[in-house]
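Order of appearance sets the numbers: ligands from 1, and atoms from 1 within every ligand. Just so you know, residue 1 is the first one in the sequence shown, and it goes up from there.
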Amino acid sequence: MAARAVGLLASLPFCAQRSQVLRPIHRLLSCPRTVAAEIKREEQSSGSVETGPEGRTPKKTFSEVQKERREQAQRTVLIHCPNKISVKKFLKYLSQHGPINNHFFYESFGLYAVVEFCQKESVTSLQNGTRTPSMGTEAAIPFRSRVFNLKTKNPSNPTSEQSRVQCSIHAPPSSKKLLELLCYAESIDDQLNTLLKELQLTEENTKLRYLTCSLIEDIAAAYFLDCTVRPFGSSVNSFGKLGCDLDMFLDLDEIGKFSANKTSGNFLMEFQVKNVPSERIATQKILSVIGECLDHFGPGCVGVQKILNARCPLVRFSHQASGFQCDLTTNNRIALKSSELLYIYGALDSRVRALVFSIRCWARAHSLTSSIPGSWITNFSLTMMVIFFLQRRSPPILPTLDSLKTLADAEDKCVIEGHNCTFVRDLNKIKPSGNTETLELLLKEFFEYFGNFAFNKNSINIRQGREQNKPESSPLHIQNPFETSLNISKNVSQSQLQKFVDLARESAWILNQEDKDRPSSSRSQPWGLAALLLPSVVNSASLAKGVRKKPASERIKSLLESIKSSGPENATSTNGKRTVSTQA
Ligand code: GTP
Ligand code: MG
């Protein structure tokens, strides 16, 4: 298998194209020693976690970041542009509506510009100067939004200034490129940081996510004035990978909240409302009507599906202009709180995100996770497992949820639907860990730990940070941190759990091989994390030579079984080489 992988790597044209996508790769490859420093610097400019000077303490709380980004998004418009355009003239044309704070271009079914004005009034001014197109035989519904089409008046007469514009990249690097980068890293720590840097959401991608929520909010506001559409899940919890879905929460709770104080004297004014038999039915009715609206009038909203009978009802659709697969829910406030908790854990120690990204990527490469719902483990559950593992280190790298609750003050108090969701939100109040273990050690130990975990009797519990007896018989039990009677991994089957255990053991074994824990001299041999991402990591050649350290023929047998049973993405491709998927 290793030989095949070498072939795969050797056949890759290094820096074959000097496209924008390769620019950062080229830079990293040419100065490998500076990777770690680059990552620190670039991580700070990334939109995913707002970190302080040491890369540890966020400057802002989760809600401060959300508020700031929301406000930024409300001043922003999305413009579909001709493929060739003079950026200078384009910006000058838009500036007649007010000063521009920021802009970038990207490609998704054509060329798009994201333009952030300094003031919200500029958006209204632009809308007032925009016409509704007259269609030929079709009828246009005159829908006024912040998504525009820019037409050039003389398309057949391009000016010399019109040229292809520089586009920001919103897709993760290919598996091949990622493997190249990993092979050229200096150490396993460097590999984990490189993976994080390449896959994490960029500043532009984060802006586009908030803008998309803001555009959907405009549509929902036609029915529910003052509603809010908030991103949650991996778009905001700092564990999002380029290409991940966009989870949105339609928040109706804020409506009328501030008008409550305006009552005086003996009178109290209330809106007349319709009542329905249950909160669930209310949720279904609200989502149903918003789903219809998105389908009929939402610019670029396609493939709208109303999944209203799910445990958590949702509307799923593709937002073509941004390229995001969106899930819109309402009445899902606990998930928003979970996102805040994960954001805090991700920001507490720089090793957390690097480890989570690598484990997620490893799991995806081996088809342990999937974008289709099923009996497999989810990214959310994997993140909980990493957090739990880091709570179990000595000294702990992450605090337990109970200890975060102890640090909370009156303002942090939060009870949702009877569940206590209180924890400290100001990161400065949390003491940094004294643990100095390397990422390399943590990666190895993660696989050792879960390769030998007593899943049959123990539950994973980040609230207490210790194993507990399983309260029910599901193969994998991970306690929901807020709704503590629930198991977030109830869907996982015994065979999927066994596959996870087998692969974890195999990966621990690989990392203990002398030739796999350091760069090969030629740099073309997959090693460290790169070796773990290859589908069949049991090196049959080394087995034949008897160089394995912890043999146990039974284990090898089960490892080979697990490889045989891995999913279609691990299948041999038509050219005889194994393919690797890194999609999370
Ligand atoms: P991606 O795979 O990158 O999309 O990760 P994600 O964290 O966004 O996961 P997903 O889109 O499946 O779910 C979005 C959010 O919903 C998660 O971050 C959690 O906050 C919440 N969530 C997902 N699954 C569960 C679950 O089984 N139980 C509970 N309580 N919350 C969940
Ligand atoms: Mg998600």
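For Y106 and H170, the gap between ring centers is short of 6.0 Å. The ring of F450 has its center closer than 6.0 angstrom to the ring center of F453. Note: W362 and F447 meet the aromatic proximity criterion, with ring centroids under 6.0 Å apart.
Note on ligand 1: R360 sits in its first shell, one or more heavy atoms being nearer than 4.0 Å.
Between F232, F380, F249, it is F380 that holds the heavy atom closest to atom 32 (C) of ligand 1. Taking each of I334, D247, L486 in turn, the one with a heavy atom nearest to atom 14 (C) of ligand 1 proves to be D247. Of the candidates S234, G233, G243, G240, the one placing a heavy atom closest to atom 3 (O) of ligand 1 is S234.
E204 meets the side chain to side chain donor-acceptor pair (under 3.5 Å) test with no other residue; sequence neighbours excluded.
Ring pair F482/F423 is parallel by interplanar angle, where below 30° counts as parallel and above 60° as perpendicular.
Close contacts between ligand 1 and D245 involve ligand atoms 4 (O), 11 (O) [criterion: under 4.0 Å to a heavy atom].
Figure legend: R209 and F324 shown as a cation-pi pair, the cationic atom lying under 6.0 angstrom from the six-membered ring centre and within 45 degrees of its axis.
Counting heavy atoms closer than 4.0 Å to ligand 1, residue N379 contributes side-chain atoms (C-beta onward) but none from N, CA, C or O.
Annotation: R311 places no N or O atom under 3.5 Å from an N or O atom of ligand 1; distance criterion only. Ligand 1 has no N or O atom lying under 3.5 Å from any N or O atom of S339, backbone or side chain. For E483, no nitrogen or oxygen atom sits less than 3.5 Å from a nitrogen or oxygen atom of ligand 1, counting backbone and side chain alike.
Take the Mg ion (ligand 2) and draw a sphere of radius 2.8 Å; the protein N/O/S atoms inside it number 2.
Between D412 and K405 there is no salt bridge, since none of the side-chain N atoms of the basic residue sits less than 4.0 Å from a carboxylate O of the acidic one. Checked for salt-bridge contact, E437 and R351 miss the test: no charged N lies under 4.0 Å from a carboxylate O.
No side-chain donor-acceptor contact under 3.5 Å links D402 and Q464.
For K413, the NZ atom sits in a loose shell: 12 or fewer heavy atoms of surrounding residues, nucleotides or ligands are nearer than 6.0 Å.
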